[in-house]
Amino acid sequence: MGALVILLIPLLAAVLVYALRRWQNVAALIAISVSLGLGLILILVPVDQPLELFGREVLLGSGTALMGRELVFEAADRAALAFLMLTGAGFFLLSWRLEPQSLLLPVGSALLGLLGGVLLIRPLIYAGLLLQIAAALSLFPLHADPKTPIRGGLRYLTFFTLALPGVMVSHWLLDMYAINPDQTEYLAAAAALIGFSFALLLGVTPFHLWVPAVGRDGTPLASAFLFSAVGGTVWFLLLDYLQVYPGLSESPGWSATFTALGAITVLVGGLLGMTRRGAGTLMGYAIMVDTGLLLLTMSHPSRTSIGIGVMMIFARPWGAAVMAGGMTGLRARSNGAQAPDGLGLQAPWSTIALGVGALSLIGFPPTIGFVARWGAWRLLFEAEPAIALVLLLASMGPLVGLLRLLHQLLTPPGKTIGLGKQEKDPPPPLPPEPQVVTLLFLLFALGILALGLFPQGLAALAARVASSFAILP
Amino acid sequence: METLLEIIDRISFLASMPAIGGLLIALGILLLAKRWPLQVTGVAILYFFVGLLHTRVIRPEVALIKALIGWLICLTLYITGRHLDERRGDNEAAPEPAPTRRWLPPLADDTPLRLIVLLVAFVVAYAISTYLPLPQVAAHVGMACYLLAVAGLLLAGMSEDAIQVGMGLLVFLAGFDLFFGALEPSLAVAGLLGAAGFFITLAVTFMAVTHAVSGEEG
């Protein structure tokens, strides 16, 4: 019953938030308080003791049946659900002040319920279907702005749709393998299909085309929410697969494939990240590097590597949200243009947010992103020092891209002299950024730095989550 | 008075190679037609033949529900198409009718290429179904699954228009649904796959409408 309540509350909140969207503050308050409240309950309240809710006793940590299907609520799911809800609360808080008209509040709440279902429902074929519905639903906030192109969203939807058959058919193949354990071709086919599907879902090279496209074309906060919440859910789903079907990670070629794909994704994301194609595209490439590094870390599943991987998943929303917040602030002042020259001088707090968020996403010290990656690089340097050095250098590509972007933002616009035309006047000064927005940026940026300097709590949580995934000793 | 199930039983003789022919015709309409009403008709015909093929795999009642979901998707696409046409009609003067043969509806500008694409989809589907037959389904059903999947992929990949890409993804999903119905014939899976198709339709129609607004403004 408890698991069902946790999934239903955000879905009901989504309906309420949509109905009350004219009263932006009320709608935002509901969305933020529901997701924050659920996140805190999942962390603080002991889920194995009954709670009194509307006069009925509810055991949060209990699984339940839904239309004959099982909702499983285990220790790892609790942390993953808390991560989802708190990520949602952070994004809703930023959206409240930066994009109050956005569909992120109602649709994001519904997505939290659906993604929670992805994590809890068994058999896992239903997780694939719920993920597909969530992907389609996430296009609403992603392309609510009629001025932006829709190519990114269409690519995203296409790749997620192509991933669905693999996720679902592999379940049947693994069931057949369980009945006939001597027929290893079932396991091989299932491993190949799952690998292919998750490569599509995670945006692993050569299926990465949707990642920078979503960053470029989507509204910044919705794109970052998608990279963080949907991306995090896909990673936890992969861990669920490895836990439910332990034979997968032992199948021949699994580890080598993870390593090769991870290294290629880091290289491609890093090299393309050096180019100056706008902040959204830069976010996409930084996410690609993060994904590649996660794959490399998890190529040899162990408690340590999974702990580091979970830490990276926890760290990603911080960088993505703050960077997207900065991008939204800048976009609001640039009249639709990506990043005109000198805009950063007129919107300093948005520029600082963009910079701090991007540094965390890139893994630059002393941010939370750096702490998460430190463990990953240590593991890689122990195993393959030469390759790890090349990858480390490549992964700095988005940093070059960020410096180029910041240079553009902070350079005053030059006086354009056309053929026979007079010099253009400098653009009129813009009003200062709203104080609440500044305060939010400051709060989130300080959070990134504080967690980077004192990561013990988050690291301990990640280690606890990793220990609850019984994949390998 | 015949019941629906009796009607399905009477036309179920079509649910073999004739259905594949029907799918080819539907895909031909979808690929070659220029105007959306014909394309939506193509999708509706496609869902009819997919529903017929479903009767070979799952219970006829469930097959009927799947076909109904498909036609509901067509209705959504039709309403969106009408809405977009009305908007364009409000903003633009009626375009001059292109000189064309009377017996042919207006065809896509790149019709020869699209004909080749249809042919390629058929050949690829035939080749794969011969060398890599799908488990748990009859040969002609496997061939239909591959044909829908390949044609859907090509359709989605050939355009950057939201509705066109959406139709391609729906065709792809219809092919997968036909196959997966044999592996997992549960009602919950059928319902969720139908819901996934419906949400894809809603998402692409939403994008088509918002994009049309930006087009008008630009």
Side-chain angles (χ1 to χ4, degrees), chain A residues 66-69 103 107 110 114 117 121 123 125-173 175-176 185-186 189 209 213 217-218 336, chain B residues 132 134-136 145 149 152-153 155-157 159-166 168-218:
Chain A
L66 178 67
M67 292 189 297
R69 273 78 216 166
L103 285 172
V107 178
L114 280 172
I121 202 158
I125 43 169
Y126 296 96
L129 285 164
L130 289 180
L131 192 64
Q132 177 65 36
I133 293 172
L137 206 58
S138 57
L139 292 188
F140 288 86
L142 195 67
H143 287 300
D145 182 0
K147 288 176 196 153
T148 55
I150 52 173
R151 200 180 303 141
L154 288 177
R155 280 188 187 169
Y156 165 70
L157 185 64
T158 304
F159 278 87
F160 267 62
T161 307
L162 296 187
L164 183 67
V167 171
M168 293 178 73
V169 174
S170 62
H171 179 263
W172 177 79
L173 288 168
D175 281 352
M176 295 303 287
E185 62 267 23
Y186 283 125
L209 293 177
D217 297 341
Chain B
L132 199 68
L134 289 173
Q136 308 279 322
C145 296
L153 269 182
L155 196 62
S159 175
E160 291 199 343
D161 174 70
I163 299 276
Q164 296 280 328
V165 173
L169 295 180
L170 290 169
V171 171
F172 175 83
L173 264 189
F176 171 64
D177 191 8
L178 186 56
F179 168 54
F180 200 71
L183 300 187
E184 178 75 47
S186 88
L187 275 176
V189 171
L192 280 173
L193 264 171
F198 201 71
F199 273 103
I200 288 175
T201 312
L202 287 181
V204 294
T205 50
F206 170 78
M207 284 196 285
V209 171
T210 52
H211 202 57
V213 171
S214 71
E216 285 159 18
E217 283 170 356

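Below, all heavy atoms of this structure are taken into account, side chains as well, without hydrogens, waters or symmetry copies. Every chain is numbered from 1, with letters handed out A, B, ... down the list of sequences.
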**Q.** Non-hydrogen side-chain atoms of Leu157(A) and Val165(B) separated by less than 4.5 Å
**A.** no
(Q) I need the Asp145(A) CG to Thr210(B) OG1 distance, nearest 0.5 Å. (A) 9.0 Å
Q | Shortest non-hydrogen contact between Glu160(B) and Leu154(A), atoms and distance | A | O-CD1, 3.6 Å
Q: Please list, chain by chain and in numerical order, all residues satisfying side-chain contact (heavy atoms from CB on, under 4.5 Å) with Ala163(A), sequence neighbours excluded.
A: Ser197(A), Leu200(A), Leu201(A)
Give the table of side-chain donor-acceptor pairs shorter than 3.5 Å for residues 176-199 of chain B, with sequence neighbours excluded, one pair per line with atom names and distance.
residue   : atom : partner   : partner atom : Å
Asp177(B) : OD1  : Lys66(B)  : NZ           : 2.5
Asp177(B) : OD2  : Lys66(B)  : NZ           : 3.1
Ser186(B) : OG   : Tyr126(A) : OH           : 3.4
Ser186(B) : OG   : Val189(B) : N            : 3.2

Q. Which value, rounded to the nearest 0.5 Å, describes the distance between Leu142(A) atom CG and Met207(B) atom CE?
A. 8.5 Å
Q) Side chain, backbone, both or neither: which part of Leu131(A) has a heavy atom under 4.5 Å from chain B? A) neither
Q | Contact leader toward chain B among Leu164(A), Leu130(A), Leu162(A), Leu137(A), where contacts are heavy-atom pairs under 4.5 Å | A | Leu162(A)
Q: Enter the distance from Ile150(A):CD1 to Asp161(B):CG here, rounded to the nearest 0.5 Å.
A: 7.0 Å
Q) Between Ala203(B) and Ala136(A), which heavy-atom pair has the shortest distance, and what is it? A) CB-O, 3.4 Å
Q) Is chain B contacted by the side chain of Ile125(A), its backbone, both, or neither, given a heavy-atom distance below 4.5 Å? A) side chain
Q: Counting only heavy atoms closer than 4.5 Å, note whether Leu139(A) contacts chain B via side chain, backbone, both or neither.
A: both
